[in-house]
Each structure stands twice: as C-alpha cells, then as structure tokens.
Amino acid sequence: MSYGIKAYKSVGIKDDLAVADPHRIIQLLMQGSLENMAKAKGAMERKDFAEKSRTVSKAMSIISALQHSLDMDVGGEVSQNLWSLYDFMVNHLMQASRESSPAKVDDVIEIMIKIKSGWDAIPVEERQKGFQMLAERQGQSALASA
C-alpha cells in the first residue's frame with residue numbers, strides 16, 4: 001500500500017491519509033484519478049500540452065498504484081479482472097495522451113466510475129472483515145519473520 005500512498009500524496013491530497021483506513025485510501029486514490037482525468041480532458045480541449053501531460057501522468061500513476069495494491073492471493077478472479085482493467089486503463093490513457101483524445105479519457109473515466117461505485121457500495125461489515133483478515137495476515141507475516 002505504500003506505493004499507493006506515495007502516488008496519492010504526489011497528487012497533492014494529503015489531509016485524509018493520517019486517519020484513513022485502507023478502504024478510504026482506495027476511495028481517495030480513485031477520486032484522485034478521476035479528478036486528474038477531468039483536468040486532462042480540459043487541457044486537451046484547451047491544447048495545453050504541458051498540463052495534459054502532467055495530469056494524464058498523475059492519473060496513470062494513481063491507476064498503477066491501485067493496480068499494484070491488489071492482493072492477488074486473496075482477491076482471486078476479482079483481483080485478476082481488476083488488474084486487467086487497470087492495465088487497459090493505463091494503456092488507453094497513454095493512447096489518449098498521444099492522440100489528445102478526450103473521448104478516450106472519457107472511456108477510462110467511465111470504467112473508473114463503475115469500479116469506484118462498486119468499491120463505495122461495499123458494506124461496512126464486509127470492510128471490517130477485510131481489515132480483520134489483513135491484520136491477521138500481517139500478524140502471521142511478522143511471526144514468520146521473527
């Protein structure tokens with residue numbers, strides 16, 4: 001998760017991190033990617049190539065952070081599908097940047113909104129189970145390395 005936190009901080013959104021749980025951090029990363037993609041679209045429309053490059057790069061970094069935060073052992077097929085979606089999104093943003101295509105950015109925004117909607121809908125009880133499982137796994141790792 002430290003890779004995700006670094007990408008999140010590079011976007012300039014820091015306030016929530018001190019008290020955020022892992023679920024909230026992912027929400028903030030997703031929101032940061034959406035904000036940067038919206039800025040990239042505006043930059044493309046204004047033909048502001050420096051801003052386009054900066055904001056597309058930030059969005060891609062955040063999406064990569066989300067991708068690398070996936071727990072492939074626990075997440076199974078869902079994690080594999082998300083990995084593929086995130087990979088598609090990064091590649092599509094690269095192409096959008098090369099072509100200065102707001103429509104391609106819209107494609108990625110639409111996918112991220114769907115993923116974020118699903119993430120936001122996770123019930124609190126399920127989040128708590130996930131936190132518990134994460135804590136147990138981290139405890140087991142600490143014991144194994146001791």
Side-chain angles (χ1 to χ4, degrees), residues 1-46 48-141:
M1 183 59 64
S2 65
Y3 179 79
I5 291 172
K6 287 178 190 171
Y8 183 81
K9 284 182 177 179
S10 74
V11 175
I13 307 168
K14 300 175 186 174
D15 298 337
D16 287 334
L17 282 176
V19 295
D21 61 50
H23 186 270
R24 180 70 179 138
I25 290 171
I26 298 298
Q27 285 177 316
L28 292 168
L29 286 167
M30 290 177 182
Q31 186 60 42
S33 73
L34 288 167
E35 290 169 4
N36 277 284
M37 287 185 277
K39 289 177 186 177
K41 271 184 58 178
M44 287 175 186
E45 291 162 358
R46 292 187 312 275
D48 181 346
F49 301 114
E51 178 69 1
K52 173 196 75 168
S53 178
R54 187 183 70 75
T55 53
V56 167
S57 178
K58 282 186 178 184
M60 288 170 47
S61 292
I62 293 169
I63 294 168
S64 290
L66 289 166
Q67 184 178 37
H68 288 90
S69 72
L70 294 169
D71 189 332
M72 303 306 277
D73 295 330
V74 174
E77 187 177 346
V78 172
S79 290
Q80 292 170 4
N81 291 339
L82 280 170
W83 182 277
S84 296
L85 271 175
Y86 289 144
D87 196 50
F88 169 82
M89 292 163 73
V90 168
N91 288 321
H92 210 62
L93 282 175
M94 255 191 280
Q95 192 175 17
S97 184
R98 273 196 308 269
E99 298 171 10
S100 283
S101 172
K104 288 189 191 266
V105 176
D106 278 335
D107 294 341
V108 179
I109 288 172
E110 185 177 328
I111 294 167
M112 182 57 76
I113 286 172
K114 287 179 182 175
I115 294 170
K116 187 175 184 311
S117 294
W119 187 258
D120 292 345
I122 296 173
V124 174
E125 309 81 54
E126 293 301 315
R127 291 182 213 165
Q128 294 303 326
K129 287 180 191 175
F131 301 152
Q132 177 82 26
M133 188 169 61
L134 180 62
E136 289 170 5
R137 288 184 67 207
Q138 288 174 342
Q140 290 170 357
S141 294

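- The minimum heavy-atom distance linking A96 with M44 is given by the pair O-CE, 3.6 Å.
- The shortest non-hydrogen separation linking S97 to V56 is CB-CG1, 3.9 Å.
- Atom-to-atom distance recorded for I115:CD1 and L34:CG is 9.5 Å, nearest 0.5 angstrom.
- Counting only distance, with no hydrogens or angles, the side chain of S64 and the backbone of M60 share a donor-acceptor pair below 3.5 Å.
- A distance of 11.0 Å separates CG of D120 from CD1 of I113, quoted to the nearest 0.5 Å.
- Put simply, the side chain of L66 reaches to within 4.5 Å of the side chain of M112, judged on heavy atoms.
- Side-chain atoms of H23 do not come within 3.5 Å of backbone N or O of Q128 as any donor-acceptor pair.
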Show which side-chain atoms of residues 74-90 pair as donor or acceptor with protein atoms under 3.5 Å away, not counting sequence neighbours.
{"residue": "S79", "atom": "OG", "partner": "D71", "partner atom": "O", "Å": "3.2"}
{"residue": "N81", "atom": "ND2", "partner": "E77", "partner atom": "O", "Å": "3.4"}
{"residue": "S84", "atom": "OG", "partner": "Q80", "partner atom": "O", "Å": "3.3"}

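- The side chain to side chain donor-acceptor pair (under 3.5 Å) test with K41 singles out one residue from N36, T55, D106, and that residue is D106.
- Under the 3.5 Å distance criterion, the side-chain polar atoms of S33 are matched with a main-chain donor or acceptor of M30.
- Ion pairing between a basic and an acidic side chain is recognised when a charged N comes within 4.0 Å of a carboxylate O; K39 and E35 show no such pairing.
- Using modelled atom types, no side-chain atom of K116 and backbone atom of Q31 make a donor-acceptor pair closer than 3.5 Å.
- The distance from the CE atom of M37 to the CD1 atom of I109 is 5.5 Å, given to the nearest 0.5 Å.
- A distance-only check finds no donor-acceptor pair linking the side chain of S53 to the backbone of A50 [under 3.5 Å].
- Annotation: side chain of P102 is in contact with side chain of E45 (closest heavy-atom distance under 4.5 Å).
- Nearest approach of L93 to A59, heavy atoms of both residues: CD1-CB, 4.1 Å.
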